[in-house]
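Just so it is clear, the model here is predicted, and its values are computed rather than measured.
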Amino acid sequence: MECLKDLVKRLREEKGLSQRQLALLAETNNTDISNVETGKTKYFRHDFLRKLAKALNVSTLMLLQAAGYIASDEELPPDAILLEELEKKYHAIPVIGRVSAGQLQEAIEHPEFVVPMPPRMNADFVLTVYGDSMEPFYYDGDWVYVKKQPVAENGEHVVARIDDKVTIKIYQLLDHTIILRPANPAYNIISSPNIRVIGIVQGHTSWRKRGGTDNA
């Protein structure tokens, strides 16, 4: 299965289009098309993919599959489909960036954008990873898919709040004390009576690879 950048470039060249010509057809600019084909762009809005699919005369689902949002073995319809039909089949969940604990619910209700729920994923929102404390599990810029849940089991990757900060760490309960462990040994273990679990990581999208969705 081709990744999105290779697929878009191949389809564009097969149609004899320059990046500028494709950008005009997709109602965008050639910088956006260049960023897609080089893999520089890390996420894709529904409306952008819909216009790009229309310009290339392929289905929006095909581009979503190439971007890793839909399972590669899922059968795609032969004709283009409307965005509204896509959203009926694939529940959209919010993607949020860096937030404080006090702003988390507001960020979920007013996200940066939304994406289709990956197949077989049970999550309520997507959180963007910042920093390298959870490498090699998650890298800076990755997405983690989070199921809201106030309790966790030892070893689970959790999104937790500490005072007014939100962090992603490995959960451990020792002698009735919650401990948050980073995966990267360069960082210290966190222990505080103010730790509250917000949710459990269900999976992630690693942009360091190709933009596919993996299990956590």
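- The environment of CD in Glu14 is crowded: more than 12 heavy-atom neighbours from other residues, nucleotides or ligands sit within 6.0 Å.
- Taking the side chain as every heavy atom from C-beta outward, Leu56 and Met62 never approach each other to under 4.5 Å.
- Not counting sequence neighbours, Arg20 has no partner by the salt bridge (Lys or Arg N to Asp or Glu O under 4.0 Å) test.
- Minimum interatomic distance between Phe137 and His204 (heavy atoms only, all atoms of both residues): O-NE2, 3.6 Å.
- For the atom pair Ile178 CD1 and Ile190 CD1, the distance stands at 12.0 Å (nearest 0.5 Å).
- For the pair Leu25/Lys54, no side-chain contact is recorded, criterion being any heavy-atom separation below 4.5 Å from C-beta on.
- Between the Asn184 side chain and the Ala186 main chain, a donor and an acceptor come within less than 3.5 Å of each other.
- You'll find the side chain of Leu22 stays beyond 4.5 Å of the side chain of Thr28, heavy atoms only.
- Smallest separation of non-hydrogen atoms from Tyr145 and Ala123: CB-CB, 3.8 Å.
- Within the 3.5 Å criterion, the main-chain N or O of Leu173 finds a donor-acceptor partner in the side chain of Asn154.
- Residues Leu52 and Leu24 fall into different hydrophobic clusters, defined by Ile, Leu, Val, Met, Phe, Trp and Tyr side chains chained together at heavy-atom separations under 4.5 Å.
- Rounding to the nearest 0.5 angstrom, the gap separating the CG atom in Leu11 from the CD atom in Glu2 is 7.0 Å.
- Separating the CD1 atom in Ile195 from the CZ atom in Arg161 is a distance of 12.0 Å, to the nearest 0.5 Å.
- Taking CG from Leu180 and OG from Ser133, the interatomic distance works out to 10.0 Å, rounded to the nearest 0.5 Å.
- Inter-residue side-chain proximity for Ile189 and Gln172 is flagged as unmet; no heavy-atom pair is nearer than 4.5 Å.
- Pairing each heavy atom of Val158 with each of Tyr171, the nearest pair is CG1-CB, 3.6 Å.
- Across every non-hydrogen atom of Glu37 and Lys9, the tightest pair is OE2-CA, 3.6 Å.
- Between Asn29 atom CG and Gln19 atom CD the span is 10.5 Å, to the nearest 0.5 Å.
- Here the closest heavy-atom approach between residue Val36 and residue Lys5 is recorded as O-CB, 2.9 Å.
- Side-chain contact check for Thr128 versus Trp143: some heavy-atom pair is nearer than 4.5 Å.
- With hydrogens and angles disregarded, no donor-acceptor distance shorter than 3.5 Å links the side chain of Ser34 to the backbone of Asn30.
- Going from atom CD of Glu27 over to atom CG of Asp32 covers 12.5 Å, rounded to the nearest 0.5 Å.
- Hydrophobic clustering of Ile, Leu, Val, Met, Phe, Trp and Tyr side chains at less than 4.5 Å, counting indirect connections, unites Leu17 with Val58.
- Looking at heavy atoms from C-beta onward, Tyr187 lies out of side-chain contact with Met134 at the 4.5 angstrom threshold.
- The side-chain contact (heavy atoms from CB on, under 4.5 Å) test with Ile168 is passed by exactly one of Val144, Asp142, Ile198: Val144.
- Scanning all heavy atoms of the two residues, the minimum distance from Lys147 to Gln202 falls at CB-NE2, 3.5 Å.
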